[in-house]
Amino acid sequence: MSLVNQATSKRLLAVHGWSGVLLGLFLYVVVITGTVAVLSQEIGAWSISGARTQAPFSQPLDARVRQLAQTVEPKYREDITIYPNASGTMLVFFHTHGVNSAGKPDDVGVRFLLEPGTLTVAARDEGYGSELPEDRDSALDYFISILHISLHAPDPVGLYLTGLAGFVMLFAVISGIILHRHLIKDLFVAPRLSSRLLNRRDRHILAGSWSLPFGFLLAFTGTFFSFAGAIGLPIVAMVAFGGDQEKMTETLVGAPETVSERPADMANLDSMIARSVARTGTQPSFISIAHWGTADSRAYLYHLPSGRAVEASTHVYDMASGRYHGVKPDLGTRPSFGSTVYAWMGPLHFGHFAGLLSKLIWVSLGLAASYVTLTGLRLWVERRPDMPSGRVLGVAIPMVGYGVPIGLTGAALGFLLNYPAGDPVSGTALGFVWGCAFAVLLAGVLIRRGDASAVFMAVLGLAMVALPLARLATGGQGWPDLVGAGHAVVVMIDLMLLAGGVFALHRSRRGDAIGRSARGEGQASAAVPAE
């Protein structure tokens, strides 16, 4: 039974449809890039054929950090950030805080790149963090992550855009729940074979019904990340703290600690890492050290979720004595229900709370959400065959639906081809641009044909199959060597690409792609009963 009366249901259905048409393709871009970004860490390992040979933080870092600290200006020892890239190269950034050439707050200091294993200094760069050379080993996974988070648009415009997509998805989910007359029944609907259009609608309903909880979770957490810092916190400061942002910060994060300038010897960092690993069961993702060389220096070791935990954890150590201070909440000054909910946002959005298993589940659900978005658009168009822009939109749907994945394969190919030459950062971006440009050109050629999406899917399938071959051709290791070295995740990505490519080629031959033009099926749309 519907949750609203018939008249309200019709109006809501119209808004549901029009909002999907106007912003649906944009929403799809955010969802599909987010689906790929879930595996960004694994894609980073794949892009360099599993070059990481050991857990980065198992290396003896203490002596090297002490040595490097003596080579930088004292003001840059205010904060030290230590983290590994995709290849296991350690990035150690000594910095303080300033304002960059664009007039924006930025970290400024000296960054060292240390070779894995030997910790030999491979590069030394000085300047503002946003202006330092990009990390070549993580160019592909970084490009994919930022494409999802902000579409590579300037801050805060990119975050506003992805936040808008989150609002659209949130409305689509809520209106979908209201419009479902038989939600439980729709979870087990059997797609009809009597009509292609009816079959597509049934598959859309089936996928959409199962995706509703995940869609709500994804939309809510994504919207939170996009708007919390840029809009949410200033509003909180204005309403709850009378516009006093300093007081708000003290309440949410804690008052700034009094820092002693008295010099002090630092405790052994390697010992703290070992104790933190024993306590959590995982390697740290990154380490931050505040006020190196002073009596009040603190080390913050960030660990991703482990065991049955959903939230990540930050463990605090006194750098002068080595004493363990406990877990620092992500929000507030002490553990609370609010800080726990806040800490759950990231793992629930990106699916990294149960290792690779939860990531693969999130990828599957993300693909289902992408499918629901495109099929919903396609059904809306096919039920309005006389709409003047129907044919153009009918081609735009597969152009974007397959064009973005084609662009992503182009980014991966650009990285692989340019990594040996030493410039994978620009190669990755150009590969994506050329892939998307090819999709637009192909759409222009196919706009008068009825098999647009079949051709798009064939191109996507060939591109996906080509990526594992390109990885091998550019010096990547073979499967036996990868498995023997403990890099089975690279083999997994290869197999996923090959399976996806073969599936796409098979579907293109059947001519049953989701965005295929509805030529000859315009009359069938009249037979589809209204929701």
Side-chain angles (χ1 to χ4, degrees), residues 33 36-54 56 84-91 113-118 120 122-123 133-147 152 402-439 458-505:
T33 54
V36 178
V38 168
L39 293 175
S40 60
Q41 184 177 356
E42 290 73 18
I43 291 172
W46 171 86
S47 67
I48 54 175
S49 291
R52 180 181 290 189
T53 57
Q54 59 177 321
N85 66 10
S87 68
T89 297
M90 299 299 296
L91 284 79
L113 272 64
L114 308 181
E115 294 284 358
T118 64
T120 302
E134 293 190 46
D135 176 19
R136 63 187 299 270
D137 290 341
S138 298
L140 181 58
D141 53 297
Y142 178 79
F143 178 86
I144 293 172
S145 298
I146 299 301
L147 182 63
H152 286 279
Y402 299 117
V404 174
I406 289 172
L408 290 172
T409 59
L413 186 60
F415 176 92
L416 293 173
L417 296 178
N418 287 276
Y419 186 78
D423 189 21
V425 175
S426 59
T428 299
L430 285 174
F432 179 79
V433 171
W434 279 111
C436 293
F438 176 76
V459 172
L460 177 60
L462 289 172
M464 293 178 72
V465 170
L467 283 179
L469 303 178
R471 185 186 65 79
L472 289 172
T474 53
Q477 299 181 73
W479 290 356
D481 293 334
L482 288 167
V483 174
H487 300 307
V489 68
V490 179
V491 179
M492 181 197 75
I493 298 295
D494 273 349
L495 291 174
M496 290 176 68
L497 288 168
L498 290 172
V502 170
F503 175 79
L505 290 171

With a 4.5 Å limit on heavy-atom distance, are the side chains of [X] and [Y] in contact?
X      : Y      : answer
Phe415 : Asp141 : no
Trp46  : Leu39  : no
Trp479 : Val490 : no
Thr120 : Leu114 : no
His152 : Phe143 : yes
Val459 : Tyr402 : no
Leu408 : Leu147 : yes
Leu505 : Leu462 : yes

Is [X] reaching over with its side chain to a backbone N or O of [Y], donor-acceptor style, under 3.5 angstrom?
X      : Y      : answer
Thr89  : Asn85  : no
Thr474 : Leu417 : no
Glu42  : Val489 : no

Minimum heavy-atom separation for [X] and [Y], please, with both atom names.
X      : Y      : value
Gly461 : Ala504 : CA-CB, 3.7 Å
Ala439 : Gly403 : CB-CA, 3.5 Å
Leu140 : Ser47  : CD2-CB, 3.8 Å
Ser49  : Gln477 : O-NE2, 3.2 Å
Pro424 : Arg136 : CG-O, 3.5 Å
Ala86  : Ala45  : CB-N, 4.5 Å

Nearest-0.5 Å distance that lies between atom [atom1] in [X] and atom [atom2] in [Y]:
X      : Y      : atom1 : atom2 : answer
Thr409 : Leu497 : OG1   : CG    : 9.0 Å
Phe432 : Leu413 : CZ    : CG    : 14.0 Å
Phe438 : Ile406 : CZ    : CD1   : 7.0 Å
Asp137 : Ser87  : CG    : OG    : 3.5 Å
Ile144 : Thr428 : CD1   : OG1   : 8.5 Å
His487 : Ile48  : NE2   : CD1   : 9.0 Å

| request: Provide the full list of salt bridge (charged side-chain N to carboxylate O under 4.0 Å, His left out) pairs with a residue in residues 471-491, sequence neighbours left out, each pair given once. | output: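 Only Arg471-Asp494 qualify under salt bridge (charged side-chain N to carboxylate O under 4.0 Å, His left out).
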| field | Asn418: partners by side chain to side chain donor-acceptor pair (under 3.5 Å), with sequence neighbours left out | value |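 Counting only residues at least two positions away or on another chain, Asn418 forms no side chain to side chain donor-acceptor pair (under 3.5 Å).
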| message | The criterion is side chain to side chain donor-acceptor pair (under 3.5 Å); which residues satisfy it with Ser426, sequence neighbours excluded? | response |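 Residues passing side chain to side chain donor-acceptor pair (under 3.5 Å) with Ser426: Asp423.
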